[in-house]
Protein chains: 2
Amino acid sequence: MKTLSPLTAQFVAHFGEMGSRWGINRTVGQIYALIFVSEKPLNADEIADALEFSRSNVSIGLKELQSWRLVRLKHQSGDRREYFEAPQDVWEIFKSLAEERRRREIDPTLSMLRAAMLEAPSTAADTYAQNRMKQMHELIELSSTWFDDVQRLSPETLARLMRMGSSVKTVLDMTDKLKVVGRKKTASATGVSQ
Amino acid sequence: MKTLSPLTAQFVAHFGEMGSRWGINRTVGQIYALIFVSEKPLNADEIADALEFSRSNVSIGLKELQSWRLVRLKHQSGDRREYFEAPQDVWEIFKSLAEERRRREIDPTLSMLRAAMLEAPSTAADTYAQNRMKQMHELIELSSTWFDDVQRLSPETLARLMRMGSSVKTVLDMTDKLKVVGRKKTASATGVSQ
DNA sequence: TCGTGTTTTCAGTAATTCTTGAAAATTCGA
DNA sequence: TCGAATTTTCAAGAATTACTGAAAACACGA
């Protein structure tokens, strides 16, 4: 790493180390970290230079980051090179990450499970296995459609929900009560909104 | 794979393939899949035999799965060997997974960010970088304490919340209104409960 | 304590994934 | 269309991670 401030160097190094745990590699993690904390968009040469990676490695890393929608291209007028920046809004980043992870890590499993549900079990063991798969399918299905829904909330609403923490239960209970007492009044509570 | 029904074989194979994406390896994924769909606890030899892995590989895999709390030891009376089973409740599995992932993938980053917050930025670039880190820190902190909270909800409450999907916003809005109209009545909505 | 059945460790090998420099492809202005 | 600037691809080597068999360690009944 060349000419990185200690603060940034520390941040970049951490992302490198964590990379493998996140399911990306060291290089990709470091490239992202660098772009994330950089005020101005960076081009591939600047990145290769700062991180002391080969130019080709940076190219591959940027492709990967783009596929995760964690960085985006931003052209600088009067410069032919491609510049990259990370989305400003951290909520947006969070959403991209969740969405992409879902697409890659969850959806294939859901398809597999759906297919498995359709097979006719031939033995008692198979019946049990299929039942277990069904439980797994239901849980994943439920949490992933929930994630879809929540993803559509505005950052503000999402933040509000999160700040509520577990007191959300009280609200849920309250809602149920209201539903029982005056069905009509709270009917809107089952509708979908932004 | 020896003597696995096509249904189970398919499931096991999928977990093997997905393993790398989940951040575990092929072996570990397959061992887990096999235990998950098996009605009776399995011992290491049975697993090694069914999956055609070496005994030592299975031993390592089981250690890994135990560290994730995805399988647990269950002794069979009159048998000295160790038997393993997966928790029955899929919600419990979900929680273990989330908790462990948080511990390994999130907490270290939170510490790093906290440390970075304390450093005095020396340049304008550093000030910007530190501000970005702060945004990241806030988001991660918020979502992880939220996860803590939600984790404490009963499976039923959690399922209820999930089934609500994005209509949770309406409830939130409603709660706000109630708060404004009659503060005292809804004060309990900010308390914490199971 | 010994001996047998069981699990764990470990060093070596195999497989996979990462990184690189060089060459090829692409882009775009002249 | 040409040519310079830039990005991408690719094959080979490097590094990392996974897997194995053999040996060591462990547990427990006799």
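Here is how names work: the chains are called A, B, and so on, in the same order as the sequence lines, proteins then strands, and each is numbered from 1. Computed from a predicted structure; not experimentally measured.
Between the CG atom of A:Leu65 and the P atom of D:dT8 there is a distance of 13 Å, given to the nearest Å. Whole-Å rounding puts the A:Ile60 CD1 to C:dC18 P distance at 10 Å. Rounded to an integer number of Å, the gap from CG of A:Leu62 to P of C:dT19 is 13 Å. Rounded to whole Å, the distance from CG on A:Leu42 to P on D:dT7 is 13 Å. In this structure, the CD atom of B:Gln66 is 8 Å from the P atom of C:dT8, given to the nearest Å. At whole-Å resolution of the value, CD1 in A:Ile24 and P in C:dC18 are 11 Å apart. Across the protein-nucleic acid pair, B:Asn43 atom CG and C:dG5 atom P stand 15 Å apart, rounded to whole Å. In this structure, the OH atom of B:Tyr83 is 14 Å from the C1' atom of C:dT7, given to the nearest Å.
Within the nucleic acid shown, A:Thr27 comes within 4.0 Å of sugar-phosphate atoms alone, with no base atom in reach, counting heavy atoms only. Heavy atoms of B:Arg80 sit under 4.0 angstrom from at least one base atom. Nucleic acid contact for B:Arg55: base, since at least one base atom lies under 4.0 Å from a heavy atom of the residue. Nucleic acid contact class of B:Asn57 (heavy atoms, under 4.0 Å, all strands): base.
Residue A:Ser54 places no side-chain atom within donor-acceptor reach of the base of C:dG21, judged by atom type and a 3.5 Å distance cut-off alone.
Candidate nucleotides D:dT20, C:dT6, D:dT16 were compared by shortest atom distance to the side chain of B:Arg81, and C:dT6 ranks first. Distance from the side chain of A:Lys63 is smallest for D:dT8 among the nucleotides D:dT8, D:dT20, C:dT7. Between C:dT8, C:dT19, C:dT7, one nucleotide has an atom nearer to the side chain of A:Asn25 than all others, and that is C:dT19. Among D:dT6, D:dT20, D:dC10, the nucleotide with an atom closest to any side-chain atom of A:Ser56 is D:dC10. Listed nucleotides: C:dT6, D:dA22, D:dT8. Nearest to the side chain of A:Glu82: D:dT8.
No hydrogens or angles considered: a donor-acceptor pair under 3.5 Å links the side chains of B:Ser67 and B:Arg104. A donor-acceptor pair shorter than 3.5 Å cannot be found between the side chains of A:Ser96 and A:Arg72. Using a 3.5 Å distance cut-off with no hydrogens or angles, the side chains of A:Thr157 and A:Ser154 do pair a donor with an acceptor.
Nearest-nucleotide assignment on DNA chain D puts the 5′-proximal partner with A:Arg26, out of A:Arg26 and B:Phe53.
The cationic group of A:Arg101 does not satisfy the cation-pi geometry with A:Trp22, failing either the under 6.0 Å distance to the six-membered ring centre or the 45° limit from the ring axis.
Nearest heavy-atom pair across B:Arg114 and B:Glu141 is NH1-OE1, 3.4 Å.
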